[in-house]
Amino acid sequence: MAFWLMKSEPDEFSIDDLAHCENQTETWDGIRNYQARNFLRDKVELGDIVFFYHSSCKVPGIVGLATVSSAPYIDQSAFDQASTYFDGKSSIDNPRWVAVDLTFKAKFSRIITLTELKADPNLTEMVLVSKGARLSVQPVTQQEFDYILSLE
DNA sequence: GCCAACGTTGGC
DNA sequence: GCCAACGTTGGC
């Protein structure tokens, strides 16, 4: 089992939105970055644990946990011309993008803020705090995962 | 809303 | 295949 951090803009889709979905499960689609796509496609597995991260908001940080509740599958939103995620270069014969299902697991009692994570001497190697970390799907080590959980 | 830091595109 | 121009991300 592996650990991940996935970013979402809470104005678009927050941890509370996930908690209120049917079966507390939603398609995690719309990833349009190759590095993130490669993680989703090649590394993410059913049962993996995910830090749910809120970005582009007043207090960016980790707000809770989700579990990966499907294997990776073709991201259908790329074929939907009405979707903001439409990509004409992805075809059914040669799909370019993948998605997984995420299921709500827990909401933290507080936001573990980006500021706090950046300042923590135990987390200097974390992808999130490394320079120019714009990856919306990124790996988290077991050590980082356990340590961050203990911060809550 | 600004802008630094990346990523992608497309002409050559 | 290089790289300039453009687009996007995301913290501040």
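Chain naming here is simple, since letters A, B, ... match the order of the sequence lines and numbering starts at 1 in each. The basis for the numbers below is simple: all heavy atoms, side chains too, and nothing from hydrogens, waters or symmetry mates. Being a predicted model, the structure only gives us computed values, none of them experimental.
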Indicate whether OP1 or OP2 belonging to [N] is found under 4.0 Å from a side-chain N or O atom of [X].
{"X": "A:Tyr53", "N": "C:dG11", "value": "yes"}
{"X": "A:Lys89", "N": "B:dT9", "value": "yes"}
{"X": "A:Lys7", "N": "C:dG11", "value": "no"}

To the nearest angstrom, how far is [X] atom [atom1] from [N] atom [atom2]?
{"X": "A:Tyr34", "N": "B:dG7", "atom1": "OH", "atom2": "C1'", "result": "11 Å"}
{"X": "A:Leu114", "N": "C:dG10", "atom1": "CG", "atom2": "C1'", "result": "10 Å"}
{"X": "A:Glu12", "N": "C:dT8", "atom1": "CD", "atom2": "P", "result": "14 Å"}
{"X": "A:Gln35", "N": "C:dT9", "atom1": "CD", "atom2": "C1'", "result": "14 Å"}
{"X": "A:Arg32", "N": "B:dT8", "atom1": "CZ", "atom2": "P", "result": "13 Å"}
{"X": "A:Asn33", "N": "C:dG10", "atom1": "CG", "atom2": "C1'", "result": "13 Å"}
{"X": "A:Gln138", "N": "B:dG7", "atom1": "CD", "atom2": "C1'", "result": "16 Å"}
{"X": "A:Leu135", "N": "C:dT8", "atom1": "CG", "atom2": "P", "result": "17 Å"}

Discussion item. So does A:Glu45 get a backbone contact from the side chain of A:Asp48, meaning a donor-acceptor N/O pair under 3.5 Å?
Written reply: yes
Worksheet, complete the sentence: For A:Asp17 and A:Pro10 the tightest heavy-atom approach is OD2-O, 4.2 Å
Item to complete: Among the candidates C:dG11, B:dC6, B:dT8, find the nucleotide nearest to the side-chain atoms of A:Arg134.
Response: B:dC6
Discussion item. Set out, in order, the CA-CA distance, both residues' side-chain angles and the distance that settles ring-ring contact (aromatic ring centres under 6.0 Å, His included) for A:Phe52 and A:Phe108, then state yes or no.
Written reply: CA-CA 10 Å; A:Phe52 199 104; A:Phe108 291 160; over 10 Å; no
Discussion item. If we count only N and O atoms by modelled type, under 3.5 Å, do the side chains of A:Ser55 and A:Arg134 hold a donor and an acceptor together?
Written reply: no
